[in-house]
Amino acid sequence: MVLLRLALKNARIHFSRYLAYVLACTVAIIIYFTFTVMATTPKLLQDIAQQQQLKLALQITSFFIVLFIAAFMVYANLFFVQQRRQEIGLYNLLGVTRRQIGSLFFLENLILGLVALVLGLLFGVLLSKLFAMLLLRLIAVAVPTPLLFSWSAVGQTVTMFSLIFVGLALLDASVIYRYRLPELFHQPVLHVGEQLNYRHYFWGGCGGLLLIYAYWSAQNYAQAVRQYHFFGVAAFLILPLLILVAVLLGTFLFYRASLALILQYLRRRKSFSYQGLRLLTLADLNQRLRQNVNISWLVTILTAITLTVLGSITMVYAGAQSILNDAQPVALTVDRQLSSVVKKELSQAQIPIRRTQTATLKIIAARFKIHSAIGLNYGANRGPVSVISQTDYQAMRQIQSNLPAINLGDQQAILLLRKVGYAGQAADQSGFTVYLNTPQVKALKVQQILNAFPYGSSNYVDETGLVVSDHTFQRLQADIQTHPVAFDFAHTKQSERVSNQIMQRYGERNYQIQSTKVRPKFSELHFHLVQPQQITNETYAITWTNARYPQVRGLRTLFGLDTYISGFVSLIFIMATGSIIMLKQLATAAENREQYVLLTKLGVSLKAIRRSIYVQTGMTFLLPIILGMINAYFALHILNVWLNQLDLTFAYLIGLFYLLVYSIYCWLTARVYYRLIRPK
């Protein structure tokens with residue numbers, strides 16, 4: 001009972017120090033409980049088509065949340081024990097055994113864990129419905145959201161975090177038990193005034209050069225990758241790998257040595273440093289940064305990774321949306337043999353058809369060669385292409401607004417190529433020749449490259465096509481002809497359901513196309529239709545039926561789920577890393593209090609002292625975030641070159657959110673720090 005009362009008293013006395021730690025644990029418990037209760041509530045997911053995928057994603061995320069928060073809690077607890085070594089030593093001198101001291105810290109840890117667990121479960125129950133509604137909104141699913149509560153989720157949460165808290169308590173007790181009395185009163189020496197030598201200049205210079213190399217290579221990726229052309233196509237991956245290594249090493253050396261050089265330069269500039277408390281501020285800031293090299297580097301890298309992941313989700317979604325727009329830009333396309341049946345089904349379902357359009361595509365052999373925008377050879381295309389006439393192309397513009405107007409001569413063509421949108425390929429090349437294996441037309445000059453396909457790229461063999469003039473189209477002798485029919489109607493629940501039914505009935509029907517000879521010369525390259533059982537060599541397939549709206553649903557669900565999970569995981573990351581930095585800053589307050597008391601006796605105003613503390617705390621908190629945002633920007637720039645997508649709005653918003661949250665942490669830390677060192 002004595003130990004329990006003492007543990008309660010210590011927990012109350014040190015609660016302000018443990019507040020950030022308890023808050024981070026509480027947020028993790030809230031999110032873990034929310035994800036678990038959503039995964040274990042059948043009524044919530046029963047009307048969602050991808051319920052198994054959603055359930056699995058929530059469960060996997062919960063597991064990684066536990067791993068991350070457990071690592072944070074281990075670090076924080078070891079830090080707490082380290083900070084209270086003198087208190088432990090005093091207990092030892094008073095005759096308290098190390099077993100009793102270990103039991104005392106064991107009880108303290110359990111009390112803090114119990115507080116976090118109760119708060120986490122309470123707010124988890126209150127907020128779970130709100131979080132579930134947010135998820136359903138992101139994946140565009142309109143289902144009733146009941147009040148979420150599950151004893152199974154409560155049991156899993158209590159069991160998981162109880163095991164973590166008990167394990168941490170045992171860890172603390174074991175660490176305390178291993179301490180020797182001299183170690184408890186030994187304070188580490190801080191080399192605040194350490195002279196900079198040639199090693200600092202060398203490593204500081206290396207850090208700066210590595211970051212300059214990484215940033216320049218990322219910003220000028222299309223030009224920089226040409227210097228690695230001897231690696232061939234592998235240069236696409238080798239250069240980003242080199243940039244990654246340079247950023248990791250450069251960032252670490254920046255914190256280890258480059259910052260010390262910058263601060264020394266500012267201290268030596270008397271016109272700058274001899275104003276107010278700037279000299280003291282720079283000295284204390286140097287001490288803080290030297291004590292936080294590893295955590296600052298870790299926060300910078302994790303911030304860059306998190307923002308890159310969140311930004312890439314948006315870019316990948318935009319890329320997937322672009323692929324969908326290219327592959328299936330209209331509500332439904334079917335082969336002419338199915339058009340009457342599909343039209344009847346749409347009519348029976350009372351889906352108003354706004355417009356229909358039919359075209360003829362001729363499949364012939366062609367070859368061409370283009371080069372990428374970054375100097376690597378795109379490669380020679382040799383195989384079948386689908387050819388559409390200019391009239392059919394222009395007619396389809398009434399349904400597809402993204403098709404640009406064209407005007408072709410008899411010797412001109414427009415190349416349709418979806419692959420040109422990847423890995424920095426130039427979409428505006430022109431002037432090269434496409435050779436055709438037809439007796440009537442041997443070659444055409446490419447006027448433009450487009451990745452916008454009339455009827456969608458899924459209706460073109462190998463997603464490659466040509467638009468030619470009507471006269472040229474009539475002269476072409478086709479190996480095979482296809483006749484896609486486009487149906488344009490609005491996206492509603494009914495139209496999505498009927499589109500799914502049509503795909504289930506007819507989605508497996510397709511054309512199987514292969515060459516008439518195995519490895520023929522180009523002059524002998526022709527194609528014919530085969531049955532699946534007759535396939536003997538490379539085959540190209542064109543499906544008869546392609547529906548847009550079911551794919552829109554799947555894409556929206558995937559993007560919404562990724563955004564939801566990434567957002568909550570990043571929230572835990574912010575809380576954990578912000579708490580660690582806050583704890584490390586407040587731990588130095590007691591050591592520096594006498595210094596600030598002496599300054600006040602010398603006539604320095606409290607306002608100047610407070611300004612100095614806010615500047616130091618702001619640099620300590622915000623520098624890793626700002627540098628992480630810079631690293632993320634250049635990483636996303638490389639992804640943008642690969643994907644040709646320039647929608648980074650979501651990443652910018654997340655970055656601003658990071659700055660806002662860390663600014664709040666910074667303000668709270670500086671405020672508490674000032675209260676701790678302020679003279680009584």
Side-chain angles (χ1 to χ4, degrees), residues 4 7-8 11 18 21-48 50-77 105-136 139 141 143-173 561 564-573 575-576 579:
L4 180 59
L8 289 170
Y18 293 148
Y21 167 78
V22 173
L23 182 60
C25 294
T26 301
V27 171
I29 293 170
I30 291 172
I31 297 175
Y32 180 85
F33 172 78
T34 302
F35 281 26
T36 304
V37 77
M38 285 193 292
T40 56
T41 304
K43 292 182 179 180
L44 179 66
L45 305 178
Q46 63 184 359
D47 296 327
I48 302 175
Q50 298 88 356
Q51 59 174 303
Q52 293 300 324
Q53 293 90 325
L54 284 172
K55 183 177 180 180
L56 180 62
L58 292 172
Q59 291 172 340
I60 293 175
T61 305
S62 300
F63 173 74
F64 281 105
I65 286 174
V66 169
L67 289 182
F68 181 82
I69 201 65
F72 157 72
M73 292 163 71
V74 168
Y75 179 90
N77 274 268
F105 275 74
F106 180 87
L107 291 173
E108 283 186 36
N109 208 312
L110 288 186
I111 292 170
L112 294 173
L114 181 62
V115 171
L117 190 57
V118 171
L119 291 175
L121 287 174
L122 177 62
F123 284 100
V125 172
L126 295 175
L127 298 175
S128 57
K129 180 176 180 177
L130 177 63
F131 291 163
M133 292 172 62
L134 177 61
L135 172 61
L136 296 177
I139 64 177
V141 173
V143 296
T145 308
L147 180 64
L148 298 180
F149 182 80
S150 167
W151 286 111
S152 174
V154 173
Q156 289 185 42
T157 306
V158 170
T159 302
M160 183 64 67
F161 282 90
S162 295
L163 290 174
I164 293 175
F165 287 124
V166 170
L168 290 172
L170 292 173
L171 175 64
D172 288 354
L561 182 62
Y564 184 82
I565 290 175
S566 302
F568 278 105
V569 171
S570 64
L571 176 61
I572 293 179
F573 157 72
M575 299 294 294
S579 299

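Both backbone and side-chain heavy atoms feed into the values below; hydrogens, waters and symmetry mates do not.
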### Query
Quick one: CG on Leu121 to CG on Leu126, what's the gap to the nearest 0.5 Å?
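Result: 11.0 Å between the selected atoms.
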Ignoring hydrogens, what is the shortest heavy-atom contact between [X] and [Y]? Give both atom names and the distance.
| X | Y | result |
| --- | --- | --- |
| Phe35 | Ser62 | CB-OG, 3.2 Å |
| Thr34 | Val37 | O-CG1, 3.2 Å |
| Ile164 | Ala70 | CD1-CB, 4.4 Å |

### Task
Can you sort out the partners of Thr26 under side-chain contact (heavy atoms from CB on, under 4.5 Å), two or more places apart, ordered by chain and number?
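side-chain contact (heavy atoms from CB on, under 4.5 Å) check on Thr26 returns Val22, Ile30, Ala116, Leu119.
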### Message
Tell me every residue that passes ring pair (Phe, Tyr, Trp, His ring centres under 6.0 Å) with Phe131, counting only those two or more places apart in sequence or in another chain.
### Response
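Residues passing ring pair (Phe, Tyr, Trp, His ring centres under 6.0 Å) with Phe131: Phe568.
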### Query
Are the side chains of Val125 and Phe33 in touch, meaning some heavy atoms are under 4.5 Å apart?
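Yes; the side chains approach each other to less than 4.5 Å.
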Quick one: side chains of residues 154-161, donor-acceptor pairs under 3.5 Å with protein atoms, not counting sequence neighbours, listed by atom name and distance.
| residue | atom | partner | partner atom | Å |
| --- | --- | --- | --- | --- |
| Gln156 | NE2 | Ser152 | OG | 3.4 |
| Thr157 | OG1 | Ala153 | O | 2.8 |
| Thr159 | OG1 | Gly155 | O | 2.7 |

